[in-house]
Amino acid sequence: MKITLNVTVRPFNLDYTLQCGQVFRWEKHGSWWYGVVAGKAIKIRQIRDVLEYEGARTDFIGKYFRLDDSLPVILSRISKDVYVRGVVRKFHGLRLINQDPWECLISYICATYKNIPAIEDMVNKLSKQFGSVMTLDNNRFYAFPSSNSLSSATISELVQCKLGFRAKSVHEAAKQVENGAVSFVELGSMSYEAAKRELLKLPGVGSKVADCVLLFSLNKLEAFPVDVWVKRTILNNYHEHFDDAFIRKASAKKSLTSGEYRRISSFAREYFGEYAGYAQQYLFHNERSACQRA
DNA sequence: TTGCCGCCTTTGTA
DNA sequence: ATACAAAGGCGGC
(Lines give C-alpha, C1' and ligand atoms only; values in the text may rest on other atoms or scores of the structure.)
Protein backbone atom coordinates (compact mmCIF):
# COMPACT_ATOMS: atom_id res chain seq x y z
CA MET A 1 0.00 0.00 0.00
CA LYS A 2 1.17 3.50 -0.75
CA ILE A 3 0.30 7.05 0.09
CA THR A 4 1.54 9.90 -2.05
CA LEU A 5 2.03 12.83 0.26
CA ASN A 6 2.87 15.77 -1.97
CA VAL A 7 5.25 17.02 0.70
CA THR A 8 5.18 20.64 -0.30
CA VAL A 9 1.53 20.76 0.73
CA ARG A 10 1.67 17.98 3.31
CA PRO A 11 5.19 17.87 4.79
CA PHE A 12 6.22 14.69 6.56
CA ASN A 13 9.53 13.21 7.67
CA LEU A 14 9.17 9.62 8.87
CA ASP A 15 12.69 9.41 10.36
CA TYR A 16 12.32 12.54 12.49
CA THR A 17 8.87 11.43 13.57
CA LEU A 18 9.99 7.98 14.75
CA GLN A 19 13.42 9.03 16.08
CA CYS A 20 12.45 12.04 18.16
CA GLY A 21 11.77 10.09 21.34
CA GLN A 22 7.96 10.15 21.46
CA VAL A 23 7.58 6.40 20.72
CA PHE A 24 9.75 3.56 21.97
CA ARG A 25 8.92 0.45 19.95
CA TRP A 26 9.94 1.16 16.36
CA GLU A 27 13.15 -0.24 14.87
CA LYS A 28 14.74 0.49 11.53
CA HIS A 29 16.09 -2.32 9.35
CA GLY A 30 17.52 -1.02 6.11
CA SER A 31 15.09 1.48 4.66
CA TRP A 32 12.10 0.00 6.52
CA TRP A 33 10.76 0.88 9.95
CA TYR A 34 9.12 -2.03 11.84
CA GLY A 35 6.71 -1.57 14.70
CA VAL A 36 3.71 -3.06 16.44
CA VAL A 37 0.67 -0.82 16.61
CA ALA A 38 -2.81 -1.84 17.74
CA GLY A 39 -1.61 -5.42 18.13
CA LYS A 40 -0.38 -5.74 14.55
CA ALA A 41 3.12 -5.71 13.08
CA ILE A 42 3.61 -2.94 10.55
CA LYS A 43 6.44 -1.95 8.26
CA ILE A 44 6.74 1.44 6.63
CA ARG A 45 9.24 3.49 4.70
CA GLN A 46 9.37 6.86 3.04
CA ILE A 47 10.94 7.63 -0.30
CA ARG A 48 10.57 11.34 -0.92
CA ASP A 49 6.89 11.93 -1.60
CA VAL A 50 5.80 8.34 -1.17
CA LEU A 51 4.91 6.54 2.03
CA GLU A 52 4.93 2.77 1.51
CA TYR A 53 3.64 0.34 4.14
CA GLU A 54 2.32 -3.13 4.91
CA GLY A 55 0.15 -4.41 7.73
CA ALA A 56 -2.24 -1.51 8.19
CA ARG A 57 -5.02 0.28 6.39
CA THR A 58 -4.55 3.67 4.83
CA ASP A 59 -6.94 5.42 7.20
CA PHE A 60 -5.11 3.94 10.19
CA ILE A 61 -1.72 5.15 8.92
CA GLY A 62 -3.19 8.59 8.36
CA LYS A 63 -4.63 8.74 11.84
CA TYR A 64 -1.57 7.30 13.61
CA PHE A 65 0.86 9.72 11.94
CA ARG A 66 -1.62 12.61 12.13
CA LEU A 67 -1.32 13.20 8.39
CA ASP A 68 -4.44 15.37 8.47
CA ASP A 69 -2.81 17.88 10.81
CA SER A 70 -2.06 20.90 8.68
CA LEU A 71 1.64 21.11 9.44
CA PRO A 72 2.21 24.34 7.48
CA VAL A 73 -0.42 26.07 9.61
CA ILE A 74 0.79 24.55 12.88
CA LEU A 75 4.47 25.29 12.26
CA SER A 76 3.74 28.84 11.26
CA ARG A 77 1.62 29.36 14.40
CA ILE A 78 4.33 28.11 16.77
CA SER A 79 7.16 29.98 15.02
CA LYS A 80 6.95 32.93 17.37
CA ASP A 81 10.63 33.92 17.27
CA VAL A 82 13.86 33.30 15.36
CA TYR A 83 15.01 30.56 17.72
CA VAL A 84 12.01 28.25 17.42
CA ARG A 85 11.71 29.11 13.74
CA GLY A 86 15.24 27.75 13.23
CA VAL A 87 14.46 24.55 15.13
CA VAL A 88 11.27 24.06 13.13
CA ARG A 89 13.17 24.49 9.89
CA LYS A 90 15.86 22.05 11.04
CA PHE A 91 13.41 19.20 11.74
CA HIS A 92 10.75 20.19 9.24
CA GLY A 93 8.27 17.34 8.74
CA LEU A 94 8.39 15.97 12.28
CA ARG A 95 4.84 15.13 13.29
CA LEU A 96 3.32 14.16 16.62
CA ILE A 97 2.10 10.56 16.66
CA ASN A 98 -1.39 9.59 17.78
CA GLN A 99 -0.44 6.75 20.16
CA ASP A 100 -2.59 4.20 21.93
CA PRO A 101 -3.38 5.81 25.34
CA TRP A 102 -2.86 2.64 27.34
CA GLU A 103 0.58 1.93 25.88
CA CYS A 104 1.47 5.60 26.15
CA LEU A 105 0.49 5.74 29.83
CA ILE A 106 2.57 2.72 30.81
CA SER A 107 5.52 3.81 28.65
CA TYR A 108 5.72 7.22 30.30
CA ILE A 109 5.23 5.86 33.81
CA CYS A 110 8.29 3.75 32.98
CA ALA A 111 10.07 6.82 31.55
CA THR A 112 10.33 8.36 35.02
CA TYR A 113 14.00 9.13 35.67
CA LYS A 114 15.21 6.94 32.79
CA ASN A 115 16.92 7.79 29.51
CA ILE A 116 15.38 6.80 26.20
CA PRO A 117 17.48 3.65 25.48
CA ALA A 118 16.60 2.36 28.96
CA ILE A 119 12.91 3.07 28.37
CA GLU A 120 13.00 1.19 25.08
CA ASP A 121 14.64 -1.69 26.90
CA MET A 122 11.95 -1.80 29.62
CA VAL A 123 9.01 -1.56 27.21
CA ASN A 124 10.48 -4.23 24.94
CA LYS A 125 11.03 -6.54 27.90
CA LEU A 126 7.43 -6.01 29.04
CA SER A 127 6.18 -6.82 25.55
CA LYS A 128 8.33 -9.89 25.14
CA GLN A 129 7.29 -11.16 28.58
CA PHE A 130 3.57 -10.41 28.49
CA GLY A 131 2.60 -9.63 24.88
CA SER A 132 1.50 -11.99 22.15
CA VAL A 133 4.05 -12.92 19.51
CA MET A 134 3.69 -12.35 15.76
CA THR A 135 5.90 -12.61 12.70
CA LEU A 136 6.69 -10.24 9.87
CA ASP A 137 9.45 -10.81 7.28
CA ASN A 138 10.70 -13.75 9.35
CA ASN A 139 11.25 -11.54 12.41
CA ARG A 140 9.42 -11.92 15.71
CA PHE A 141 7.50 -9.00 17.14
CA TYR A 142 5.51 -8.73 20.35
CA ALA A 143 2.30 -6.84 20.98
CA PHE A 144 2.28 -4.35 23.82
CA PRO A 145 0.70 -6.28 26.74
CA SER A 146 -2.95 -5.73 27.65
CA SER A 147 -4.08 -4.05 30.87
CA ASN A 148 -5.39 -7.44 31.93
CA SER A 149 -2.02 -9.14 31.53
CA LEU A 150 -0.11 -6.40 33.37
CA SER A 151 -2.66 -6.19 36.19
CA SER A 152 -2.43 -9.94 36.73
CA ALA A 153 1.39 -9.96 36.60
CA THR A 154 3.26 -10.05 39.90
CA ILE A 155 5.38 -7.14 41.08
CA SER A 156 8.48 -9.29 40.94
CA GLU A 157 7.78 -10.25 37.33
CA LEU A 158 7.55 -6.54 36.51
CA VAL A 159 10.75 -5.82 38.44
CA GLN A 160 12.47 -8.47 36.33
CA CYS A 161 11.66 -6.31 33.30
CA LYS A 162 13.96 -3.69 34.90
CA LEU A 163 11.11 -1.45 36.02
CA GLY A 164 12.56 -0.95 39.50
CA PHE A 165 10.42 1.26 41.74
CA ARG A 166 8.06 1.87 38.79
CA ALA A 167 6.77 -1.71 38.95
CA LYS A 168 4.21 -0.96 41.67
CA SER A 169 2.87 2.07 39.80
CA VAL A 170 2.56 0.12 36.55
CA HIS A 171 0.76 -2.70 38.31
CA GLU A 172 -1.67 -0.40 40.13
CA ALA A 173 -2.32 1.74 37.05
CA ALA A 174 -3.03 -1.42 35.06
CA LYS A 175 -5.57 -2.49 37.69
CA GLN A 176 -7.33 0.86 37.54
CA VAL A 177 -7.52 0.75 33.74
CA GLU A 178 -8.67 -2.84 33.91
CA ASN A 179 -11.47 -2.22 36.44
CA GLY A 180 -12.70 0.85 34.57
CA ALA A 181 -11.64 3.49 37.11
CA VAL A 182 -10.03 5.28 34.17
CA SER A 183 -11.60 5.34 30.73
CA PHE A 184 -9.48 6.67 27.90
CA VAL A 185 -12.59 7.23 25.80
CA GLU A 186 -13.99 9.55 28.48
CA LEU A 187 -10.64 11.29 28.93
CA GLY A 188 -10.53 11.97 25.19
CA SER A 189 -13.81 13.87 25.33
CA MET A 190 -12.80 16.01 28.31
CA SER A 191 -11.02 19.35 28.30
CA TYR A 192 -7.24 19.40 28.75
CA GLU A 193 -7.56 20.52 32.37
CA ALA A 194 -10.27 18.02 33.33
CA ALA A 195 -8.51 15.08 31.68
CA LYS A 196 -5.28 16.06 33.41
CA ARG A 197 -6.97 16.11 36.82
CA GLU A 198 -8.16 12.54 36.22
CA LEU A 199 -4.77 11.27 35.04
CA LEU A 200 -3.06 12.78 38.10
CA LYS A 201 -5.04 10.37 40.28
CA LEU A 202 -3.07 7.45 38.86
CA PRO A 203 0.03 6.20 40.68
CA GLY A 204 3.32 7.14 39.04
CA VAL A 205 1.58 9.94 37.15
CA GLY A 206 2.54 13.52 37.96
CA SER A 207 2.29 16.65 35.82
CA LYS A 208 4.94 15.59 33.32
CA VAL A 209 3.68 12.07 32.68
CA ALA A 210 0.09 13.33 32.48
CA ASP A 211 1.07 15.94 29.88
CA CYS A 212 2.85 13.29 27.81
CA VAL A 213 -0.25 11.06 27.77
CA LEU A 214 -2.48 14.04 26.93
CA LEU A 215 -0.26 15.22 24.09
CA PHE A 216 0.82 11.92 22.57
CA SER A 217 -2.39 9.91 22.86
CA LEU A 218 -5.39 12.04 23.82
CA ASN A 219 -5.21 14.73 21.17
CA LYS A 220 -4.51 17.62 23.58
CA LEU A 221 -2.08 19.58 21.46
CA GLU A 222 -1.81 22.40 24.00
CA ALA A 223 -0.14 20.07 26.52
CA PHE A 224 3.52 21.04 27.07
CA PRO A 225 5.43 18.33 28.95
CA VAL A 226 8.48 19.71 30.75
CA ASP A 227 11.27 17.20 31.28
CA VAL A 228 14.96 17.96 31.99
CA TRP A 229 15.70 18.72 28.31
CA VAL A 230 12.73 21.00 27.76
CA LYS A 231 13.40 22.78 31.04
CA ARG A 232 16.96 23.40 29.86
CA THR A 233 15.98 24.77 26.45
CA ILE A 234 13.24 27.01 27.83
CA LEU A 235 15.37 28.47 30.62
CA ASN A 236 18.29 29.00 28.24
CA ASN A 237 16.46 30.44 25.25
CA TYR A 238 13.46 32.15 26.88
CA HIS A 239 15.06 33.49 30.06
CA GLU A 240 13.75 36.99 29.40
CA HIS A 241 10.26 35.70 30.23
CA PHE A 242 11.28 34.77 33.79
CA ASP A 243 12.95 36.60 36.64
CA ASP A 244 16.59 35.85 37.45
CA ALA A 245 15.86 34.27 40.81
CA PHE A 246 13.52 31.75 39.19
CA ILE A 247 16.03 30.93 36.44
CA ARG A 248 18.79 30.34 38.99
CA LYS A 249 16.65 28.20 41.25
CA ALA A 250 15.05 26.09 38.51
CA SER A 251 18.33 25.59 36.65
CA ALA A 252 20.19 24.42 39.73
CA LYS A 253 17.81 21.64 40.67
CA LYS A 254 17.28 18.39 38.81
CA SER A 255 13.54 18.00 39.43
CA LEU A 256 10.98 20.78 39.41
CA THR A 257 8.43 21.53 42.12
CA SER A 258 4.86 21.51 40.90
CA GLY A 259 4.82 25.30 41.05
CA GLU A 260 7.94 25.60 38.91
CA TYR A 261 6.56 23.04 36.47
CA ARG A 262 3.29 24.94 36.16
CA ARG A 263 5.14 28.22 35.63
CA ILE A 264 7.23 26.89 32.74
CA SER A 265 4.48 24.91 31.02
CA SER A 266 1.83 27.60 31.33
CA PHE A 267 4.27 30.18 29.94
CA ALA A 268 4.85 27.89 26.95
CA ARG A 269 1.14 27.23 26.48
CA GLU A 270 0.41 30.97 26.37
CA TYR A 271 3.47 31.84 24.29
CA PHE A 272 3.26 29.12 21.64
CA GLY A 273 -0.52 28.87 21.65
CA GLU A 274 -2.94 26.04 20.92
CA TYR A 275 -0.24 23.92 19.25
CA ALA A 276 2.30 24.32 22.05
CA GLY A 277 2.77 20.56 22.14
CA TYR A 278 4.22 20.60 18.64
CA ALA A 279 6.70 23.27 19.74
CA GLN A 280 7.62 21.10 22.70
CA GLN A 281 8.47 18.11 20.53
CA TYR A 282 10.60 20.14 18.10
CA LEU A 283 12.45 21.82 20.99
CA PHE A 284 12.89 18.52 22.84
CA HIS A 285 14.30 16.74 19.82
CA ASN A 286 16.63 19.62 19.02
CA GLU A 287 17.97 19.87 22.56
CA ARG A 288 18.56 16.15 22.76
CA SER A 289 20.18 15.83 19.35
CA ALA A 290 22.48 18.75 20.15
CA CYS A 291 23.88 16.46 22.82
CA GLN A 292 25.58 13.36 21.40
CA ARG A 293 24.03 10.96 23.84
CA ALA A 294 20.95 8.98 22.94
C1' DT B 1 -2.04 25.84 50.39
C1' DT B 2 2.73 25.83 48.94
C1' DG B 3 7.91 24.88 49.13
C1' DC B 4 11.74 22.07 49.79
C1' DC B 5 14.24 17.44 50.86
C1' DG B 6 15.45 12.93 50.28
C1' DC B 7 14.51 8.78 48.44
C1' DC B 8 12.88 5.71 45.05
C1' DT B 9 15.79 1.07 40.62
C1' DT B 10 18.74 0.51 36.95
C1' DT B 11 21.81 1.57 33.21
C1' DG B 12 25.16 3.99 30.70
C1' DT B 13 28.84 7.20 30.35
C1' DA B 14 32.90 10.25 31.56
C1' DA C 1 36.78 3.37 39.78
C1' DT C 2 33.46 6.46 41.33
C1' DA C 3 30.21 9.76 40.31
C1' DC C 4 26.61 11.53 37.83
C1' DA C 5 22.60 11.82 34.69
C1' DA C 6 18.53 9.90 32.85
C1' DA C 7 11.24 12.41 28.88
C1' DG C 8 9.94 12.39 37.68
C1' DG C 9 6.86 11.06 41.50
C1' DC C 10 5.85 11.00 46.24
C1' DG C 11 5.66 11.41 51.17
C1' DG C 12 7.85 13.91 54.84
C1' DC C 13 8.03 18.19 57.33
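Worth knowing before you read on, the calculation uses all heavy atoms, side chains too, and leaves out hydrogens, waters and symmetry mates. Predicted, not measured: the structure shown is a model, and the values here were computed from it. Every chain is numbered from 1 and lettered A, B, ... according to where its sequence line falls, protein lines coming before strand lines.
- Of the candidate nucleotides B:dC4, C:dA7, C:dG9, C:dA7 has the atom lying nearest to any side-chain atom of A:Asn115.
- More than 12 heavy atoms of other residues, nucleotides or ligands sit less than 6.0 Å from atom NZ of A:Lys253.
- Remark: the A:Lys114 side chain and the B:dT11 base include no donor-acceptor N/O pair separated by less than 3.5 Å.
- Between the side-chain ring of A:Tyr108 and the base of C:dA7, no stacking contact exists by the 5.5 Å and 30° definition.
- Among the nucleotides B:dT10, C:dA6, C:dG8, the one closest to the side chain of A:Trp229 is C:dA6.
- Ranked by how close their nearest DNA chain C nucleotide is to the 5' end, A:Leu200 and A:Phe216 are led by A:Phe216.
- For A:Phe165, whose side chain is taken as the heavy atoms from C-beta onward, the closest listed nucleotide among B:dC8, C:dG9, C:dA6 is B:dC8.
- For A:Arg66 and A:Asn219, the side-chain atoms include at least one donor-acceptor pair closer than 3.5 Å.
- Side-chain contact annotation: A:Arg45 with A:Ser31, donor-acceptor N/O pair under 3.5 Å present.
- Among the nucleotides C:dG9, C:dA7, B:dC4, the one closest to the side chain of A:Gln22 is C:dA7.
- Residue A:Gln280 places a side-chain atom within donor-acceptor reach of the base of C:dA7, judged by atom type and a 3.5 Å distance cut-off alone.
- In this model, the phosphate group of B:dC8 is not approached by any side-chain N or O of A:Lys168 to a distance below 4.0 Å at OP1 or OP2.
- Considering only the side chain of A:Lys208, C:dA7 comes nearest among C:dA7, B:dC4, B:dT9.
- Of the candidates C:dA7, C:dG9, B:dT11, B:dT11 carries the atom nearest the A:Lys162 side chain, counting heavy atoms from C-beta on.
- Of the candidate nucleotides C:dA7, B:dC4, B:dT9, B:dT9 has the atom lying nearest to any side-chain atom of A:Tyr113.
- Counting non-hydrogen atoms of neighbouring residues, nucleotides and ligands closer than 6.0 angstrom, the NZ atom of A:Lys28 exceeds 12 such neighbours.
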